[in-house]
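Report on the structure given below.
Only this structure's heavy atoms are used, side chains among them; waters, hydrogens and symmetry mates stay out. Each ligand, and each atom within it, is numbered from 1 in the order the structure gives.
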Amino acid sequence: MLTFKTNVSLADFTTLHIGGPARYFVRAKTPQELADAFSCAREKGLPVFILGGGSNILVSDEGFDGIVVKIEIGGLLFVEKGDDAVEAVVGAGEDWNHLVALSVRHGLYGLENLSGIPGTVGAAPIQNIGAYGREVKDSIVSVDVFDPDTFREKTMTKNECDFAYRHSVFKTPAGRHFVVTRVRFSLSKKGMLDTSYKDVHDYFAQNGEKPTLARVRSAILSIRSRKFPDISKVGTAGSFFKNPIITAGKARELQERFPDLPQFPTENGVKIPIAWILDHALSLKGARSGTVGTFKSHSLVLINNGNAHASDVDAFAKEIERAVKEKTGIVLEREVTRVSFR
Ligand code: NAP
């Protein structure tokens, strides 16, 4: 039985602590409840907004004139698949970091480098979350989705999800309307640890410890805590902008102007850690404009210094976008999704 609440502040459900009221708010604990919420929206002629952990969105101050459905589909099962293989079957509403913690506690390899990322399991495939040399697509077997057009659930193979760097079919017109209900991950009792990412490599070199599954998780939690704010204390949505991938020609031009700018060649171009430009070319580390600012240890992370409105964050982000464009010619893309409804 669904319980609809009215006029619910979305600021209480986003890690930026920003967002106006939802006309209706409902929690879906099963795929059936999700379908029921969509039926109700159809009857009332109202739009639906799907909410996960609220950790990667900037919700407008005007709120949402429709039904916000918070995905709370639970369930976390480890299924033996023979030899050393184990499949984790996980409901979309489970907390991502809880899944990683539990996998590590069970001695299962595969997700440890993604420790500490906020948000729900269902949100992980949408932008193919990644960190410290690994992406969630490396472990995904398949994704179950609810299709509000047909009111059916279906399983999408990893291939059908069309994963790329911080991208998947769920960000395109072909898959944007699907709601993730469950994800299957392939884990292993005898995996290989990946400690090649510089920060992780340096951590073990400095500590003189031999990496183990549990130690890689603690190392990553420790590295993250030095660079990213604690979302239980600071209003933030993490990295606000994507690190841009630019052409080799553009990279050469920047190399001449900024010889110390790190550059990482990828299949599609050269990846630039844009925080370097914000720090060294624009002096924006720890910058502040009224209620909004960049985090003191990581300028890619925007923070709400208290009582910020979505419009304040938007204006501050636009200011950074303008400065980066002016300084480097690079057009920044936002990682955080702007949700405006009216
Ligand atoms: P960082 O280590 O300062 O690195 C900044 C950028 O440089 C990232 O784009 C990173 O690529 C790239 N980079 C560093 N070493 C590289 C290498 N050896 N080869 C290719 N590219 C390299 O990043 P940070 O801001 O502190 O974040 C730490 C990790 O958390 C990063 O992996 C970042 O991507 C991840 N993160 C993920 C999300 C998300 O999934 N939504 C949000 C925030 C941060 P990669 O991005 O490929 O690592």
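- Counting heavy atoms only, Tyr197 comes closest to atom 48 (O) of ligand 1 of the residues Tyr197, Tyr132, Phe264, Trp276.
- At the shortest separation from atom 47 (O) of ligand 1 among protein heavy atoms lies Lys271 NZ, 2.6 Å.
- Among all non-hydrogen protein atoms, the one lying nearest atom 41 (N) of ligand 1 is Glu335 OE2, 2.6 Å.
- Contact annotation for Ile129 and ligand 1: heavy atoms of both the backbone and the side chain come within less than 4.0 Å of the ligand.
- Numbered from 1 in the order shown, with element, the atoms of ligand 1 that lie under 4.0 Å from a heavy atom of Gln127 read 41 (N).
- Of all non-hydrogen atoms in Leu187 and Gly110, the two that sit nearest each other are CD2-CA, 4.3 Å.
- Gln206 and Asp202 share no side-chain donor-acceptor pair at under 3.5 Å.
- Near Pro273, the atoms of ligand 1 lying under 4.0 angstrom from a non-hydrogen atom of the residue are 5 (C), 6 (C), 7 (O).
- Where the criterion is an N or O separation shorter than 3.5 Å, residue side chain and backbone included, Gly130 meets it with respect to ligand 1.
- Considering all non-hydrogen atoms of both residues, Arg338 and Val59 come closest at NH1-C, 4.2 Å.
- Cluster annotation: Leu34 is not connected to Val68 through the hydrophobic network of ILVMFWY side chains, with a link wherever side-chain heavy atoms come within less than 4.5 Å.
- Between the side chains of Ser232 and Asp230, at least one donor-acceptor pair of N or O atoms lies under 3.5 Å.
- Atom numbering of ligand 1 starts at 1 in the shown order; those under 4.0 Å from a heavy atom of Lys227 are 1 (P), 2 (O), 3 (O), 24 (P), 26 (O).
- Annotation for ligand 1: atoms under 4.0 Å from non-hydrogen atoms of Ser239 are 43 (C), 44 (C).
- Side chain to side chain, Asp144 and Thr155 meet the donor-acceptor criterion of an N or O pair below 3.5 Å.
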>> Under the criterion side chain to side chain contact (heavy atoms under 4.5 Å, CB included), I'd like the reasoning laid out for Leu278 against Thr294: C-alpha separation, chi angles, the key distance, then a yes or no.
In response: CA-CA 10 Å; Leu278 302 188; Thr294 60; 5.6 Å; no
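- Side chain to side chain, Glu153 and Thr181 meet the donor-acceptor criterion of an N or O pair below 3.5 Å.
- Checking Ser196 against Asp194 by side-chain atom types alone, a donor-acceptor pair falls below 3.5 Å.
- For atom 30 (O) of ligand 1, the nearest non-hydrogen atom of the protein is Ala131 CB, 3.4 Å.
- Contacts between His298 and ligand 1 below 4.0 angstrom, taking non-hydrogen atoms only, involve the side chain exclusively.
- At the shortest separation from atom 34 (O) of ligand 1 among protein heavy atoms lies Arg166 NH2, 2.7 Å.
- Taking every non-hydrogen atom of Tyr165 and a distance limit under 4.0 Å, the qualifying atoms of ligand 1 come out as 9 (O), 45 (P), 46 (O), 47 (O).
- When only non-hydrogen protein atoms are considered, atom 9 (O) of ligand 1 lies nearest to Asn243 ND2, 2.7 Å.
- Counting only N and O atoms by type, the side chains of Asp84 and Ser188 include no donor and acceptor under 3.5 Å apart.
- If you check which protein heavy atom lies closest to atom 27 (O) of ligand 1, you get Phe228 CZ, 3.5 Å.
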